[in-house]
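For clarity, every value in this text was computed on a predicted model and none was experimentally measured.
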Amino acid sequence: MPPASFRVSVLIDAQPGKVFDYVSDLTRHGEWSSDPVRIVPLAAGEIGVGSRYRSTAESHGVTFNTDLEVTEWNPPSQFGFRGGDATGKFSHVFTLRPHKDGTLVTRRIRFDATLVQWLLFLVVLYPVRIPSAKRTLQLLKEKMETLD
């Protein structure tokens with residue numbers, strides 16, 4: 001079964017290094033998520049490939065607890081993490097590219113799903129997830145452009 005995936009992008013008026021530092025700090029994702037989310041590290045230390053976190057998120061009245069692991073760490077151009085919960089396994093990869101005086105941020109979200117999950121994703125979740133992901137990146141843009 002092919003993975004269900006999509007990409008969304010936003011142009012942020014901030015330098016790639018500043019955006020990378022903010023996006024790669026998973027504990028701050030709740031500051032710009034379109035749904036309530038709290039992410040805490042499972043161990044102290046620097047962020048890098050293999051860093052692990054626990055996420056508690058709420059979406060449409062349902063709470064999801066997920067263990068996350070950083071899978072990509074290439075400052076200031078790429079950051080990624082993966083996890084899994086009741087909806088299946090997923091990964092998020094943020095790619096940051098300089099664009100004029102700012103940064104073009106592209107977020108790729110991929111779900112590994114069974115046939116039933118894949119069909120559900122196409123019929124129900126796809127129309128919900130893409131608008132939510134676009135809102136989230138717009139919130140990231142607004143947050144980044146107001147940070148000192």
**OP:** May I ask you to decide if the ring planes of F81 and H92 are parallel, tilted or perpendicular, using 30° and 60° as cut-offs?
**Re:** parallel
Might you point out which heavy atoms bring [X] and [Y] nearest each other, and give the distance in Å?
X	Y	result
H29	V23	NE2-O, 2.7 Å
G102	P16	O-CD, 4.3 Å
A57	V37	CB-CG2, 3.8 Å
K141	L11	NZ-O, 2.8 Å
S51	E46	OG-O, 3.5 Å
I47	S24	CD1-O, 3.5 Å

Original post:
Between T27 and P41, is any pair of side-chain heavy atoms under 4.5 Å apart?
Top reply: yes
Could you state the interatomic distance from [atom1] ([X]) to [atom2] ([Y]), rounded to the nearest 0.5 Å?
X	Y	atom1	atom2	value
R38	E58	CZ	CD	14.0 Å
L104	R97	CG	CZ	8.5 Å
F79	R107	CZ	CZ	10.0 Å
E69	L26	CD	CG	11.5 Å
N65	D85	CG	CG	9.0 Å
I12	Q138	CD1	CD	9.0 Å

When clusters are formed by joining ILVMFWY residues with side-chain heavy atoms under 4.5 Å apart, either directly or through shared neighbours, do [X] and [Y] land in the same one?
X	Y	result
Y22	L96	yes
L147	L139	yes
I39	W73	yes

Subject >> F94 and V19: CA distance, side-chain angles, deciding distance, side chain to side chain contact (heavy atoms under 4.5 Å, CB included) verdict >> reply: CA-CA 10 Å; F94 293 84; V19 177; over 6 Å; no
**OP:** Check each of R7, R108, Q78 against T95 using the side-chain hydrogen bond (donor to acceptor under 3.5 Å, both in side chains) test, and report the only one that passes.
**Re:** Q78
Original post:
Does the side-chain hydrogen bond (donor to acceptor under 3.5 Å, both in side chains) test come out yes or no for T136 and S34, once each step is laid out?
Top reply: CA-CA 5 Å; T136 296; S34 60; 3.0 Å; yes
Original post:
Is a side-chain donor or acceptor of T103 paired with a backbone partner of A14 at a separation under 3.5 angstrom?
Top reply: yes
**OP:** Spell out, as yes or no, whether a donor-acceptor pair under 3.5 Å connects the side chain of E142 to the backbone of L137.
**Re:** no
Subject >> salt bridge (Lys or Arg N to Asp or Glu O under 4.0 Å) partners of R54, counting only residues at least two apart >> reply: D67
Original post:
Would you say the side-chain atoms of D35 and S33 include a donor-acceptor pair closer than 3.5 Å?
Top reply: no
